[in-house]
Amino acid sequence: MQSIKGLRWLTVVLVTSMVIMGCGGDEGTDETTTTAAAGGEMTGEVEVFSWWTGGGEAAGLEAMIGVFATEDPGIEFVNSAVAGGAGTNARAVLASRLQANDPPDSWQGHAGWELIGTYVAADQIESLNFLYDQEGWLDVMPETLIPLISKDGDIYSVPVNIHRANVLWANPTVLADAGIDMPESFDDFVTALQTLKDGGMDAPLAMGEQWTSMHLFETVLLATLGPDDYNALWDGSGSWDEAGVTTALENFATLLDFTNSDASALSWQDAGQLVIDGSAAFNVMGDWQEGFFREIGSVPQEGYTWAPVPGTGGNFQFLSDSFVLAKNAPHRDEAIAWLTVAGSREGQDAFNPVKGSIPARNDGDRSLYGEYLLSAMDDWASNTVVGSLTHGVVANDSWKSEIDTALGLFMQSRDVAAFQTALVAAAAASPNE
Amino acid sequence: MQATGTERGTRLSRKPRLNPVRMKGGAGLLLLLPSILAVLVFVYGFIGWTARVSVSKWKGLLPDYTFVGLDNYKNLAADPRFAIDVRNTAIFTVVFVLGCLFIGLGLAMLLDKGIRAEGFYRSLFLFPMAISFIVTGVVWRWLMNPAVGDRASGLNLLFENVGLDALVNRWHTTPTWGIAAVALPAVWQMSGYTMAIYLAGLRAVPEGLREAARVDGADEWQVYRRVVLPLLRPVTLSALIILGHISLKVFDLIIALAGKQVALDVPSIYMWTTTFDGYFFGRGASIGIVLLVSVAVLVIPYLWYTLRNEAEQ
């Protein structure tokens with residue numbers, strides 16, 4: 001009965017494989033082709049990869065593609081967008097394409113070390129200094145921005161928009177009722193939170209799921225250390241086991257005591273909603289929160305007000321979506337034409353009003369932007385620019401994911417010493433290089 | 001092997017034309033060949049590759065196959081996050097498997113009693129299984145909204161309104177034990193399936209055995225205790241294996257219900273985030289292998305046992 005035994009083995013093999021494979025997921029690649037009218041100087045196509053498949057981001061990209069179609073009508077724009085997981089799926093697809101030597105011409109990524117640490121380290125993208133020189137971008141972008149998006153003097157991406165991370169959103173009615181002014185220093189902030197808590201508000205500081213606590217953490221780090229020491233943590237000149245960091249971690253722990261207990265079940269929108277509803281007084285979130293407030297019909301200065309996170313005044317903690325140029329891009333000239341549009345005043349003024357962000361250039365058309373965005377534009381032009389951790393500017397992805405783990409463990413244990421030890425280890429294991 | 005042996009086998013056997021088993025073996029093997037090859041490459045090939053990556057120091061976008069021995073596994077053993085993963089998986093498995101087995105058996109015993117409209121109830125209890133874990137996760141995210149007081153909604157609001165305030169709780173945001181709450185939707189989804197397995201098992205118990213027990217003076221409880229339940233043991237084992245491997249691999253339910261957070265982390269989520277968010281390919285691969293081995297420890301002895309039994313019959 002040899003054959004029966006053989007078949008039995010096959011069954012074992014097949015059943016085991018089915019069990020192992022379990023329920024598979026599928027990733028859909030959504031390729032849309034925008035054909036521009038023929039007749040320009042350059043012809044051909046350019047494939048641009050992103051995870052902008054919906055909302056203001058996709059609409060902003062469409063608007064910028066419109067500008068591109070006018071400027072370079074001969075080039076076909078191939079929009080390869082992969083949906084899902086806030087870019088997690090797209091990055092996995094991109095990684096396999098790059099490993100198979102099949103790069104798109106250009107792709108989207110957060111400016112800074114999220115791009116540099118991954119794609120420069122793997123020698124996948126080109127330096128864009130020639131384009132910055134040619135287009136004069138260095139004169140229209142903040143001086144303090146350039147080192148944050150460069151490595152060894154080479155700039156690797158074209159930022160198309162700027163968001164601010166260190167914004168404190170507040171409900172003006174709640175503050176007025178409690179007789180509190182918008183806090184400016186960290187101590188004022190804690191005093192204000194304590195006053196509200198004593199007044200019967202359980203959780204005056206609204207917070208959402210785990211990444212929003214990392215967002216809060218990075219602003220507290222900046223508030224406690226100041227811009228120079230904060231930058232030093234990331235460029236390797238500072239140390240994570242210094243007393244300043246301990247103080248920052250303690251400050252962070254202090255703030256956590258004022259947050260809602262159901263934070264891990266809330267999205268950032270839910271947390272913003274708590275402020276609008278008056279269930280909480282404050283929320284620390286990037287300025288995309290303003291887009292959400294407008295969307296639900298709230299009015300600036302009546303429904304909500306804002307200020308830099310206490311202790312971070314004069315600093316603009318930024319994040320930016322940007323586009324890169326692939327090394328060995330199949331359509332290099334067309335990709336450069338695309339990047340030229342992405343960095344142009346017209347391109348950025350098409351993208352940003354739709355997306356709800358400000359241009360990376362400081363010569364945007366002010367008539368296109370609302371009250372909050374105008375105040376952000378003023379700060380962008382005058383403040384010290386520092387980078388966001390949560391949104392990929394200051395740390396490479398490996399480092400950031402280790403910090404995320406350390407932070408998640410800290411949220412469970414509230415053990416400051418263990419948190420700091422883990423942060424020191426993370427910095428040593430995955431430095432920016 | 002029999003693939004090449006059809007002709008030789010034919011010659012050697014005494015009644016060559018009348019040997020259906022041998023004929024089936026050869027043709028069957030040929031038909032299976034494409035999927036065998038595909039499985040060899042895409043399952044076993046990749047298992048091998050993953051095992052290789054798990055002993056490399058690959059971190060970052062580009063592969064780095066430098067051999068580091070068992071370092072990745074040693075680091076996992078010392079990793080506080082992986083410790084949380086193991087604890088969470090253990091809690092989840094206990095709540096999920098026991099919940100499904102008890103509820104499934106209970107429902108099956110009730111249905112087996114000849115209830116009116118049995119078919120309707122059977123479909124009703126089986127229905128949740130037709131839903132994907134993602135959908136279950138989203139729905140239960142609303143039901144198990146952990147907010148209390150003015151902002152309460154879902155089950156907490158229901159409990160408040162019917163005076164069961166003692167049941168109002170923080171669900172999956174409960175420190176340490178939150179993962180047990182995540183197992184509840186999984187129980188809801190899979191207990192109907194467990195019921196179906198048990199129902200089939202109950203129907204296979206010969207009525208004569210129960211009758212004989214009753215004639216011998218056994219009461220209903222004793223009939224179940226001494227006759228029915230012992231006969232259901234193989235069914236329980238099957239259910240245990242199926243539920244157990246689902247529980248070890250749970251991923252989508254937690255992502256849909258609670259997102260990525262360390263408090264509700266399990267190995268599969270850690271594997272995903274550390275590999276694709278953090279580019280720790282070596283570590284991710286070693287978590288994958290640990291998961292594979294733990295499922296294999298559960299499944300392979302069972303397959304062995306089942307196949308041996310079938311062969312004996």
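Numbered from 1 within each chain, the chains take letters A, B, ... in sequence-line order.
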Margin query: Please classify the contact between B:P175 and chain A as side chain, backbone, both or neither, with a heavy-atom cut-off of under 4.5 Å.
Written below: neither
Next item on the list: Using a cut-off of under 4.5 Å on heavy-atom pairs, state which of A:L274, A:L266, A:D123 scores highest against chain B.
Entry: A:L274
Next item on the list: Could you check which of A:A418, A:S264, A:S267 has the highest count of heavy-atom pairs closer than 4.5 Å to chain B?
Entry: A:S264
Check: Going by heavy atoms in the side chains, are B:D265 and A:T405 under 4.5 Å from each other?
Finding: no
Item checked: Side-chain (A:Q412) to main-chain (B:T176) donor-acceptor, under 3.5 angstrom -> no
Checklist line | Contact class of A:D202 relative to chain B, heavy atoms under 4.5 angstrom | finding: neither
Note to self: Could you check whether atom NZ of B:K57 has more than 12 heavy atoms from other residues, nucleotides or ligands sitting under 6.0 Å from it?
What the structure shows: no
Notebook entry, point to check: Where does B:R81 contact chain A at under 4.5 Å (heavy atoms): side chain, backbone, both or neither?
Noted result: both
Note to self: Under a 3.5 Å distance rule, please check whether A:S398 uses its side chain to pair with a backbone N or O of B:G278 as donor and acceptor.
What the structure shows: yes
Check: Is the shortest heavy-atom distance from the side chain of B:V262 to the side chain of A:M411 under 4.5 Å?
Finding: no
Check: Rounded to the nearest 0.5 Å, how far apart are NZ of B:K260 and OG of A:S401?
Finding: 10.0 Å
Note to self: Does any backbone or side-chain atom of A:S261 lie under 4.5 Å from a heavy atom of chain B? Answer side chain, backbone, both or neither.
What the structure shows: both
Item checked: A:A265 versus chain B, the contacting section by heavy-atom distance below 4.5 Å -> both
Next item on the list: Can you tell which part of A:S279 gets under 4.5 Å to a heavy atom of chain B, answering side chain, backbone, both or neither?
Entry: side chain
Checklist line | Heavy-atom side-chain proximity of A:D277 to B:R151 below 4.5 angstrom | finding: no
Next item on the list: Could you tell me which portion of B:I255 (side chain, backbone, both or neither) has an atom closer than 4.5 angstrom to a non-hydrogen atom of chain A?
Entry: neither
Item checked: Heavy-atom check, side chain of A:S430 versus side chain of B:F280, under 4.5 Å -> yes
Notebook entry, point to check: What pair of heavy atoms forms the shortest contact from A:Q124 to B:L62, and how long is it?
Noted result: NE2-CD2, 4.0 Å
Checklist line | Residue B:A258 versus chain A: region with a heavy atom under 4.5 Å | finding: backbone
Margin query: Report which part of A:A429 has an atom under 4.5 Å of a heavy atom belonging to chain B: side chain, backbone, both, or neither.
Written below: backbone
Check: So with a 6.0 Å cut-off around OH of B:Y65, is the heavy-atom count from everything else above 12?
Finding: yes
Check: Between B:A147, B:G60, B:G259, B:P63, which has the largest tally of heavy atom pairs under 4.5 Å with chain A?
Finding: B:A147
Check: Counting heavy atoms not belonging to A:N328, are there more than 12 under 6.0 Å from its CG?
Finding: no
Item checked: Note: B:D277-A:K400 ion pair, threshold 4.0 Å (strictly below) -> no
Checklist line | chain B contact via A:L98 - side chain, backbone, both or neither, heavy atoms under 4.5 Å | finding: side chain
Notebook entry, point to check: Should the heavy atoms of other residues, nucleotides or ligands under 6.0 Å from OH of A:Y156 be counted, would the total exceed 12?
Noted result: yes
Check: Is it the backbone or the side chain of A:E114 that comes under 4.5 Å from a heavy atom of chain B, or both, or neither?
Finding: neither
Item checked: Contacting region of A:L407 [heavy-atom separation from chain B under 4.5 Å] -> neither
